[in-house]
Amino acid sequence: MGPIIWLIAAGVLALAELAVMDFSLLMLALAALVTAGVAVAEIPLWAEVLVFACSAIASIFLLRPVLRKRLRNTTSSRSFSPKELEGRHAEVVSLVGPSITSGGMVNIDGDLWSARAAHPGETFNQGDTVQVLEIDGTTAVVWKGI
């Protein structure tokens, strides 16, 4: 009966982690899972509680900081400024004309941006390489500055 109770506790703690999202309840769920595995050997209740306590302490102080650090490194906390794109080269994906209504698109560092030519009467065909002069809202103003 002991392993089933520990498995239920592990499941409840893991589900509760979805509300908290800081790995603390997940570490306790892991400790309950370890205890469920040990409880299969039909050890006394005091030993199960000891295994749970040791597993919880080890996972919270050893595993949780590693997971939090890895999560912090993979999510970008750096803000993005469109000004960073000015001066970069872009590849024309669809015909770029002097107005936004022409429907031009460029690829800047793997991202698609709507685009318009900087000078009236200038057009760029698909495959042309252009330079970003400025970012106007969500539109890249490009020219053949290469």
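Counting begins at 1 with the first residue of the sequence.
Side chains of Val96 and Met105 form no contact here, defined as non-hydrogen atoms less than 4.5 Å apart. Considering only heavy atoms from C-beta on, Arg116 comes within 4.5 Å of Val141 through its side chain. For the pair Met27/Leu63, a side-chain contact is recorded, criterion being any heavy-atom separation below 4.5 Å from C-beta on. Contact check for Ile43 versus Val38: side-chain heavy atoms found under the 4.5 Å cut-off. At least one side-chain heavy atom of Leu28 sits under 4.5 Å from a side-chain heavy atom of Ile60.
One finds the CG atom of Leu67 at 7.5 Å from the CG atom of Leu26 (value rounded to the nearest 0.5 Å). Between Ile108 atom CD1 and Glu84 atom CD the span is 12.0 Å, to the nearest 0.5 Å. In this structure, Leu25 CG and Leu30 CG are separated by 12.5 Å, a value rounded to the nearest 0.5 Å. Atom CG of residue Asp109 and atom CD of residue Glu91 lie 12.0 Å apart, to the nearest 0.5 angstrom.
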- I would like to know whether His89 and Val132 meet side-chain contact (heavy atoms from CB on, under 4.5 Å); could you show each step before the answer? CA-CA 6 Å; His89 298 288; Val132 179; over 6 Å; no
- Please step through side-chain contact (heavy atoms from CB on, under 4.5 Å) for the pair Val92 and Asn125, ending with a clear verdict. CA-CA 7 Å; Val92 177; Asn125 296 316; over 6 Å; no
- Task: Apply the test side-chain contact (heavy atoms from CB on, under 4.5 Å) to residues Val106 and Leu112: give CA-CA distance (whole Å), side-chain angles for both, the deciding distance (0.1 Å), then the verdict.
- Result: CA-CA 6 Å; Val106 293; Leu112 289 178; over 6 Å; no
Could you pull out all donor-acceptor pairs under 3.5 Å where a side-chain atom in residues 44-57 meets a protein atom, sequence neighbours excluded?
{"unit_1": "Glu48", "atom_1": "OE1", "unit_2": "Trp6", "atom_2": "NE1", "d": "2.8"}
{"unit_1": "Ser55", "atom_1": "OG", "unit_2": "Val51", "atom_2": "O", "d": "2.8"}

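The two residues Ser24 and Val20 come nearest to each other via the heavy atoms OG-CG1, 4.3 Å. Shown here for Gly137 and Trp113, the closest heavy-atom pair between the two residues is O-CZ3, 4.3 Å.
No donor-acceptor pair closer than 3.5 Å links the side chain of Glu122 to the backbone N or O of Ala117. Remark: the backbone N or O of Phe23 is paired with a side-chain donor or acceptor of Glu17 at under 3.5 angstrom. A donor-acceptor contact shorter than 3.5 Å is absent between the side chain of Thr123 and the backbone of Gly97. In this structure, the side chain of Asp136 does not engage the main chain of Thr139 through any donor-acceptor pair within 3.5 Å. Here the side chain of Ser114 pairs a donor or acceptor atom with the backbone of Thr138 at under 3.5 angstrom.
Ion pairing between a basic and an acidic side chain is recognised when a charged N comes within 4.0 Å of a carboxylate O; Asp22 and Arg64 show such pairing.
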